[in-house]
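Written below as structure tokens is the structure these notes are about.
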Number of protein chains: 2
Amino acid sequence: MKSGLVTIKDIARELNISASTVSRALKNHPDISEETKRAVNELAQKLNYQPNAVALSLKQRRSHTIGVIIPEIVHYFFSSVISGIEDVAYDAGFNVIICQSNERYEREVANARTLLASRVDGVLVSVSKHTEDFQHLHNLQDNNIPLVFYDRIVPGLEADQVIIDDLDASYRATRHLIETGRKRIVHFAGPQKLLIGRQRKDGYVKALEEAGLEVDPSLIIEADSFEKARLAVMRLLNEKKKFDGVFATNDLTAIGAMQTIQKRGFKIPDEIAVVGFSDGRFSGITDPTLTSVDQHGYEMGTVATEMLLRRITSENSDYPYETRVLNADLIVRGSSVFL
Amino acid sequence: MKSGLVTIKDIARELNISASTVSRALKNHPDISEETKRAVNELAQKLNYQPNAVALSLKQRRSHTIGVIIPEIVHYFFSSVISGIEDVAYDAGFNVIICQSNERYEREVANARTLLASRVDGVLVSVSKHTEDFQHLHNLQDNNIPLVFYDRIVPGLEADQVIIDDLDASYRATRHLIETGRKRIVHFAGPQKLLIGRQRKDGYVKALEEAGLEVDPSLIIEADSFEKARLAVMRLLNEKKKFDGVFATNDLTAIGAMQTIQKRGFKIPDEIAVVGFSDGRFSGITDPTLTSVDQHGYEMGTVATEMLLRRITSENSDYPYETRVLNADLIVRGSSVFL
DNA sequence: CTGAAAGCGCTAACAC
DNA sequence: GTGTTAGCGCTTTCAG
């Protein structure tokens, strides 16, 4: 005797009318008399009737649910994205099923299967770092489930996409250092086999070149973690390399650099300025606070969801795929200028 | 022409057999001949048949989906909890719908309604800070949807619960400071109207008393944020209060304290030791690294989900409600001892 | 203005 | 071994 949940039939029986009348009354259908409507709505209220979304989904072949495939929720950026997704989806009357791939390909494939089985109306996806085969995503598309990629896109796949303009953001971050008088700027770069790593480096190079500054390869170091930054800074200082600025590919790297620089007796930002990228969580609690790029995860979530809902709800959804490029903002704090 | 998704009927038609035979063949029913099974499974594979979970839910009045109401996903602790929930749920063949209340009561009520409409089989809930009326949760229970509370529990409600032993964790954190020789320990406490705030203070007091140390009320200060800690430390130092240890109700508060202590020229841990509580994200990147309590969010998620699934899948689910109390571990790092 | 009937995709008694 | 039928809860023609 599970589900004591009241159905439309219960209301019909009680009122001695048909289920279809109840259904119509509840949706305020013009054909139904005011009186019947009132009676139905009153009873529904009293019995605490909740429409069964499952039955609706089956009937309408539309679940009003969107799926989200996300690498790892624990990252501030991704959890912000989720907030953006949820807000837009709920406002439009859609539910959200979130699936973490945990950066694992097999899990991502399982996620796609789950979402397909749940008959979600569309999927937002950011692929795992190890995804190289895209059959599971094609599979969704083959079944007429629209996809929107956010942040981690898949070059080959035909779909809507939302990304951050990494190159431009890096360019602006680096230019900020240049404009505040820095001449020899170290770049701690991400893996160059990842698009994101290359773009951030390219933005850095572009800013230097535009300003007529030398691009010294020995100042570009592949280091994208707290620990790697510490080691790299120590090496630079031991080698008596001169530098007055650091632009790091993420905040943790920037913080590792900051700490080591300070430990070795240099003042930030007086002698060396430091700028990070994204993450968002840490920038306020360092000393000095960290100048960094805000990736606007929330906005990315809202934009991606709007694009998806548009495709889901459009009569004709075969308009061309679109790529939205969001701007990231440089947030200037104490690690690059005196506040 | 939405849903090109293949159904059991498509397979039946193609093979000139009935839908029920297909259904049985797919679930490897003993009555069905090997030959038929093979043919069905082959075609299912070829057509990439995916069972329609929506139809199943309707039929079985069981969605194999659990709902999660969570205050804010952006906190490391809560996102860890989600990972734990997902892992256990997926292993058991359950989907997860996550709803953020964003610490707002109205949103939480809406979440409960959504989950009810989706006919989830059970709900994991951590109430928002502002929830004082519990009708929406009773409503779920009235509809035979089992609830398990995690972390933020509701004293009055009859339901399973999973919590952290905050008192014990604080006690151990404080005792650690005492055992490493601290005699005058400041406590930056959380709001005393919250259970969590009181318990953490009580653990601190208990450790002091047990060690025969004076409990000086002027060393117990309500401060639970980065900024409040900064101000409080400045005040203490300006008043020339002597103290050699700090136990803060959360990590951000501890970090605010650390920074200010260091700025005023005191060495950590030499002159003053600092211990935080939870959060988990920041403890590794401070200088020195922060001794703190690990709240084991992932474990909390797994335990809560196991309790919920047990209630969902039990024949007889009216066994007594249970409260599980998890231990939190003190992680000793550089802010309290020399490593 | 309201009711009867069919059907969304699937399963499970009940036939044969 | 397999098919027929009914039904999960709801909407929606089509009748009246």
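Just so it is clear: chains get the letters A, B, ... in the order the sequence lines come, proteins before strands, and each one is counted from 1.
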Exercise. Do any side-chain nitrogens or oxygens of Thr21(A) fall under 4.0 Å of OP1 or OP2 in dG3(C)?
Worked result: yes

Problem set entry | Nearest-angstrom distance from the residue atom CZ of Arg24(B) to P of dA13(C) | 11 Å

For this session: Measure from the side-chain N and O atoms of Tyr319(A) to the backbone N and O of Ser314(A), and report whether any donor-acceptor pair falls under 3.5 Å.
Result: no

Problem set entry | Rounded distance (Å) that lies between atom P of dA12(C) and atom CG of Leu26(B) | 13 Å

For this session: Rounding to 10 degrees, work out the angle separating the end axes of the helix from dC1(C)-dG16(D) to dC16(C)-dG1(D) (five pairs an end).
Result: 50°

For this session: Kindly assign one of parallel, tilted or perpendicular to the pair Tyr150(A) and Phe78(A), based on the angle between their ring planes and the thresholds 30° and 60°.
Result: perpendicular

For this session: Could you list by number each residue of residues 40-60 of chain B showing a heavy-atom separation from DNA chain D of less than 4.0 Å, or answer none if no residue does?
Result: Leu58(B), Lys59(B)

Exercise. Is a salt bridge present between Arg24(B) and Asp31(B), judged by a nitrogen-to-oxygen distance below 4.0 Å?
Worked result: no

Exercise. Pick the nucleotide of DNA chain D nearest each of Lys27(A) and Ser18(B); which residue has the one closer to the 5' end?
Worked result: Ser18(B)

Exercise. Hey, is the main chain of Lys129(A) close enough, under 3.5 Å, to the side chain of Glu103(A) for a donor-acceptor pair?
Worked result: yes

Problem set entry | 4.5 Å side-chain heavy-atom contact, Leu5(B) and Asn144(A) | no

For this session: From the options dC1(C), dT2(D), dT11(D), select the nucleotide whose nearest atom is closest to the side chain of Ser33(B).
Result: dT2(D)

Exercise. Which part of the nucleic acid, if any, lies within reach of Ser20(B) when heavy atoms closer than 4.0 Å are counted: base, sugar-phosphate only, or nothing?
Worked result: base

Exercise. Given dT2(C), is OP1 or OP2 found less than 4.0 Å from the side-chain N or O atoms of Thr36(A)?
Worked result: yes

For this session: Measure from CD on Glu35(B) to C1' on dT2(D) and round the result to the nearest Å.
Result: 13 Å

Exercise. Is any NZ, NE, NH1 or NH2 atom of the basic residue among Glu42(A) and Arg38(A) found under 4.0 Å from an Asp or Glu carboxylate oxygen of the other?
Worked result: yes

Problem set entry | Rounded distance (Å) that lies between atom P of dC8(C) and atom CG of Asp121(A) | 18 Å

For this session: Spell out yes or no: do the side chain of Arg119(A) and the base of dG9(C) have one donor N/O and one acceptor N/O closer than 3.5 Å?
Result: no

Exercise. Choosing from dC1(C), dC10(D), dG3(D), which nucleotide comes nearest the side chain of Ile8(A)?
Worked result: dC10(D)

For this session: Ignoring the backbone of Thr7(A), work out which of dC8(D), dG9(D), dT2(C) is nearest its side chain.
Result: dG9(D)

Exercise. Considering residues, nucleotides and ligands other than Glu106(B), do more than 12 of their heavy atoms fall under 6.0 Å from its CD?
Worked result: yes

Problem set entry | Atom pair NE2/CD1 of His136(A) and Ile69(A) - distance to nearest 0.5 Å | 6.0 Å

Seminar exercise, completed: Against the side chain of Arg61(B), the closest entry in dT2(D), dG3(D), dC8(D) is dC8(D)

Problem set entry | Worked check of salt bridge (Lys or Arg N to Asp or Glu O under 4.0 Å) between Asp121(A) and Arg311(A) | CA-CA 10 Å; Asp121(A) 295 336; Arg311(A) 231 172 246 285; over 6 Å; no

Exercise. Sub-3.5 Å donor-acceptor pair from the side chain of Arg119(A) to the main-chain atoms of Leu116(A), do we have one?
Worked result: yes

Exercise. How close or far is atom P of dT11(C) from atom CD1 of Ile17(B), stated in whole angstroms?
Worked result: 14 Å

Seminar exercise, completed: Between CG of Leu15(A) and C1' of dG3(C) the distance, given in whole Å, is 15 Å

Exercise. Between dG9(D) atom P and Arg62(A) atom CZ, what is the distance in whole Å?
Worked result: 24 Å

Problem set entry | Between C1' of dC14(C) and NE2 of His29(B), the distance in whole Å | 13 Å

